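We count ligands from 1, going down the list as the structure has it; atoms in each ligand are counted the same way. Basis for what follows: all heavy atoms, side chains included, without hydrogens, waters or symmetry-related copies. Given the structure is predicted, the values throughout are model-derived calculations rather than measurements.
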Amino acid sequence: MQSITSSNKMLECVYNLRSKGLQIGFVPTMGALHAGHLSLIEASNRENDITICSVFVNPSQFNDPSDFEKYPRNLDHDLGLLERGGCNIVFTPSVEQVYPEADLETYQLGDISEILEGTKRPGHFNGMASVIKRFFELTKPHRAYFGLKDYQQCMVVEVLVKNYHLPVEIVSCPILREPSGLAMSSRNERLTQEGKATAVHLSKCLQVMKNSGPKKNISELIKLGNDYLANINSVDLEYLEARDASNLSEPSIHTTKEIVVLVAAQIEGVRLLDNMTMTYGQVPE
Ligand code: AMP
């Protein structure tokens, strides 16, 4: 595995790869890697000749400075996992390499960036767009791989690509879960055993909602989820919302076939996300 820290070296490297006609897959990460990240690398390896993975904790997408400070970092561990996971090139630039000057642009990311995470974390999607656009420019991938764990992020990246005519195909990959059902996340590292046991209830709640079967009535479904979480101590719920899975709009009984239920909650001061898709509106009158 080749390791690159300089933006110029990265550009030189992808220029060489592209001149040989090789297909490049790119997996952006913030490190503290786990099997969820490795599943994106596997997907990239299946569809490309070369996989580039970035490890960069992007300051501009953290609206809470203490969240940025506390974000888990362990590069040696990450490099070992990436090597074993089949990554060909790891890109670990400094902030100065990515942003020689601060990016002051306000990105056009559509209405989809204004709801849910966009409301709860002002500036988050703008910072994410800024770093992803730069990384696409530096790694020039044919395809880039994102996890549906960050469902809204996948959709916002699609808008970024469309609005800025970026020549890259976005591939959204399924959520990897622990055997308990807990969605794998770098942030889980900050939980105690007890916190992890509590966090399992986020996925359990979504599963209970899914198992309850197709619904005509979204408020009934959300009530089921809220009632479930109300019985769990130490879950500080930020939102539990059902949206049209295709565009995150409010579901309509007439047009929506699949919904996604998205949850954001703090447990032991750690902010966790999860989501699950389920069918909708197929119950006879
Ligand atoms: P992060 O390092 O948290 O920024 O995540 C980097 C990429 O890995 C993002 O596209 C995430 O959506 C994806 N990812 C994180 N956790 C998982 C998971 N449990 N399953 C699949 N993809 C994931």
Side-chain angles (χ1 to χ4, degrees), residues 25-47 51-64 67-68 70-75 77-79 81-82 85-87 90-93 98 113 116-117 121 124-136 139 141 143-161 168-191 196 199-200 202-203 206-207 248 260 262-264 270-277:
F26 174 53
V27 179
T29 81
M30 297 204 296
L33 301 181
H34 50 69
H37 296 112
L38 296 185
S39 72
L40 304 185
I41 289 171
E42 268 172 43
S44 170
N45 278 340
R46 279 196 296 275
E47 296 170 356
T51 294
I52 303 174
C53 179
S54 62
V55 176
F56 180 67
V57 186
N58 173 36
S60 75
Q61 73 188 67
F62 284 83
N63 54 320
D64 172 0
D67 191 24
F68 174 68
K70 289 185 195 155
Y71 200 84
R73 294 162 170 90
N74 189 345
L75 189 57
H77 164 266
D78 290 345
L79 294 178
L81 273 188
L82 286 173
C87 172
V90 58
F91 183 40
T92 56
V98 181
S113 68
L116 302 166
E117 290 299 288
R121 302 182 70 189
H124 165 68
F125 283 130
N126 203 64
M128 184 277 294
S130 163
V131 77
I132 291 298
K133 186 163 176 286
R134 266 161 205 247
F135 277 150
F136 286 174
T139 62
R143 291 169 204 86
Y145 295 79
F146 291 83
L148 284 166
K149 156 89 168 33
D150 299 282
Y151 197 95
Q152 188 179 5
Q153 173 172 278
C154 288
M155 294 202 155
V156 174
V157 172
E158 294 274 9
V159 175
L160 175 75
V161 163
V168 51
E169 179 191 338
I170 302 305
V171 184
S172 299
C173 302
I175 303 176
L176 242 76
R177 297 180 179 280
E178 305 282 357
S180 63
L182 174 64
M184 290 183 183
S185 166
S186 307
R187 292 169 190 268
N188 295 348
E189 280 186 25
R190 291 179 47 209
L191 296 170
K196 269 193 190 147
V200 168
L202 297 180
S203 62
L206 296 173
Q207 196 63 57
L248 294 184
V260 56
L262 306 110
V263 63
V270 180
R271 193 166 184 278
L272 301 174
L273 298 183
D274 200 353
N275 68 79
M276 215 172 267
T277 47

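In the model, Asp274 has no side-chain atom that pairs as donor or acceptor with a side-chain atom of Ser203 under 3.5 Å.
A donor-acceptor pair under 3.5 Å is absent between the side-chain atoms of Asn275 and the main chain of Val260, judged by distance alone. Looking at Ser44, its side chain never comes within 3.5 Å of a backbone N or O of Ile52 through a donor-acceptor pair.
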Exercise. Between Leu273 and Asp150, does a side-chain contact (heavy atoms from CB on, under 4.5 Å) hold up when you go through it step by step?
Worked result: CA-CA 7 Å; Leu273 298 183; Asp150 299 282; 3.7 Å; yes
For this session: Evaluate the criterion side-chain contact (heavy atoms from CB on, under 4.5 Å) for residue pair Leu160 and Phe125; output intermediate values, then yes/no.
Result: CA-CA 10 Å; Leu160 175 75; Phe125 283 130; over 6 Å; no
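Considering only residues two or more places apart in sequence or on other chains, Asn74 meets the side chain to side chain donor-acceptor pair (under 3.5 Å) condition with none of them.
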Tabulating one pair per line, provide the atom names and distances (0.1 Å) for every N/O atom of ligand 1 that is less than 3.5 Å from a protein N/O atom.
unit_1	atom_1	unit_2	atom_2	d
ligand 1	2 (O)	Met30	N	2.9
ligand 1	2 (O)	His37	NE2	2.9
ligand 1	5 (O)	His37	NE2	3.4
ligand 1	10 (O)	Gly147	N	2.9
ligand 1	12 (O)	Gly147	N	3.3
ligand 1	12 (O)	Gly147	O	3.0
ligand 1	12 (O)	Asp150	OD2	2.6
ligand 1	16 (N)	Met184	O	3.4
ligand 1	19 (N)	Leu176	O	2.9
ligand 1	19 (N)	Met184	O	2.8
ligand 1	20 (N)	Leu176	N	2.8

